[in-house]
Amino acid sequence: MGTLVTLHLPPDSPVADLPWIITIGALDDEEEWEPLVCGPYERPHALALAQAVVADEDLMAVVEPLLPLADADAIRAEIELARSGQDIDTTATDLDSEGPLRTTPGRPPSEAEVRAGFARIAAKLTAGG
């Protein structure tokens, strides 16, 4: 019933290793509520959680990387990149359709798996590399 939107990444993309967030909102424009943003998650966890949440609901989930930028210059550089018109390949998946899913995140992770992912993300973010 719901829709999952995410970036289509090549298998070796370094973006896959970034922390990912999920934004969940109404699929219908007539519903008036603020979207929920949650995360950060590891990409497979974000995809699986988003799919599980919107599978039986009229909701849209957008799964996207969170850019841990450490200073204003890095943020400005990303803004310029976004303004330059770089194409972003997104994959929208209608979970109620008969077609194959383009993302196959699998079963939702357990709370323990998500918390272990949080620890791995925190270690990456504080490593300074």
Side-chain angles (χ1 to χ4, degrees):
M1 264 197 238
T3 299
L4 172 61
V5 179
T6 191
L7 298 175
H8 177 72
L9 300 177
D12 59 345
S13 175
V15 174
D17 292 332
L18 291 173
W20 288 68
I21 59 170
I22 305 169
T23 304
I24 299 173
L27 194 57
D28 184 349
D29 289 337
E30 293 177 15
E31 284 190 56
E32 291 192 27
W33 53 279
E34 291 297 316
L36 170 70
V37 179
C38 49
Y41 302 102
E42 293 174 315
R43 186 171 189 259
H45 289 171
L47 290 169
L49 289 167
Q51 182 178 3
V53 169
V54 302
D56 297 325
E57 301 278 341
D58 286 331
L59 297 170
M60 174 181 283
V62 178
V63 177
E64 59 192 336
L66 177 65
L67 302 177
L69 303 173
D71 62 33
D73 288 338
I75 294 169
R76 286 185 192 101
E78 285 299 320
I79 291 168
E80 286 306 312
L81 182 62
R83 286 180 172 165
S84 72
Q86 297 288 328
D87 265 349
I88 298 174
D89 184 9
T90 59
T91 300
T93 302
D94 181 352
L95 297 176
D96 199 30
S97 71
E98 295 297 319
L101 292 174
R102 289 184 163 183
T103 57
T104 53
R107 68 164 178 78
S110 68
E111 181 179 346
E113 290 169 325
V114 170
R115 290 192 182 281
F118 289 161
R120 289 187 292 270
I121 290 168
K124 284 181 190 177
L125 292 175
T126 57

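In this chain, numbering begins with 1 at the start of the sequence shown. Any value given below was found using the heavy atoms of this structure, including those in side chains, with hydrogens, waters and symmetry copies removed.
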* Any chance you could measure L4, atom CG, to L49, atom CG, to the nearest 0.5 Å? => 11.0 Å
* **Heavy atoms of other groups near D12 CG, more than 12 under 6.0 Å** => yes
* So, does E113 use its side chain to make a donor-acceptor pair with the main chain of S110 at under 3.5 Å? -> yes
* Asked: Pairs in or reaching into residues 57-82: which pass salt bridge (charged side-chain N to carboxylate O under 4.0 Å, His left out), with residues at least two apart or in two chains?
  -> D73-R76, E80-R83
* Got a second to check how far E42's CD is from K124's NZ, nearest 0.5 Å? -> 6.0 Å
* Shortest non-hydrogen contact from G39 toward I21 -> CA-CG2, 4.5 Å
* So, do M1 and L27 sit near enough that their side-chain heavy atoms are less than 4.5 Å apart? -> no
* Measure across S84 and L81 and return the closest heavy-atom pair with its distance rounded to 0.1 Å. => OG-O, 2.6 Å
* To do: Measure the CD1-CD distance between I22 and Q51 for me, rounded to the nearest 0.5 Å.
  => 11.0 Å
* V63, L67: one ILVMFWY side-chain cluster at the under-4.5 Å cut-off? -> yes
* Any link between L47 and V53 through a network of hydrophobic side chains (Ile, Leu, Val, Met, Phe, Trp, Tyr) touching at under 4.5 Å? -> yes
* How many angstroms lie between OG1 in T23 and CG in L59, if you round to the nearest 0.5 Å? -> 12.5 Å
* For P65, check side chain to side chain contact (heavy atoms under 4.5 Å, CB included) against everything at least two apart and list the hits. => L7, V15, L18, W20
* **Closest non-hydrogen atom pair between A48 and P108, with its separation** => CB-CA, 3.9 Å
* Asked: Given the rule that I, L, V, M, F, W and Y join up when any side-chain heavy atoms are under 4.5 Å apart, are Y41 and V37 in one cluster?
  -> no
* Do the side chains of V54 and V114 join up, straight or via other hydrophobic residues, at under 4.5 Å, putting them in one cluster? -> yes
* Separation of I121 CD1 from D17 CG (nearest 0.5 Å) -> 10.5 Å
* Please indicate whether E31 has more than 12 foreign heavy atoms, meaning atoms of other residues, nucleotides or ligands, lying under 6.0 Å from its CD. => yes
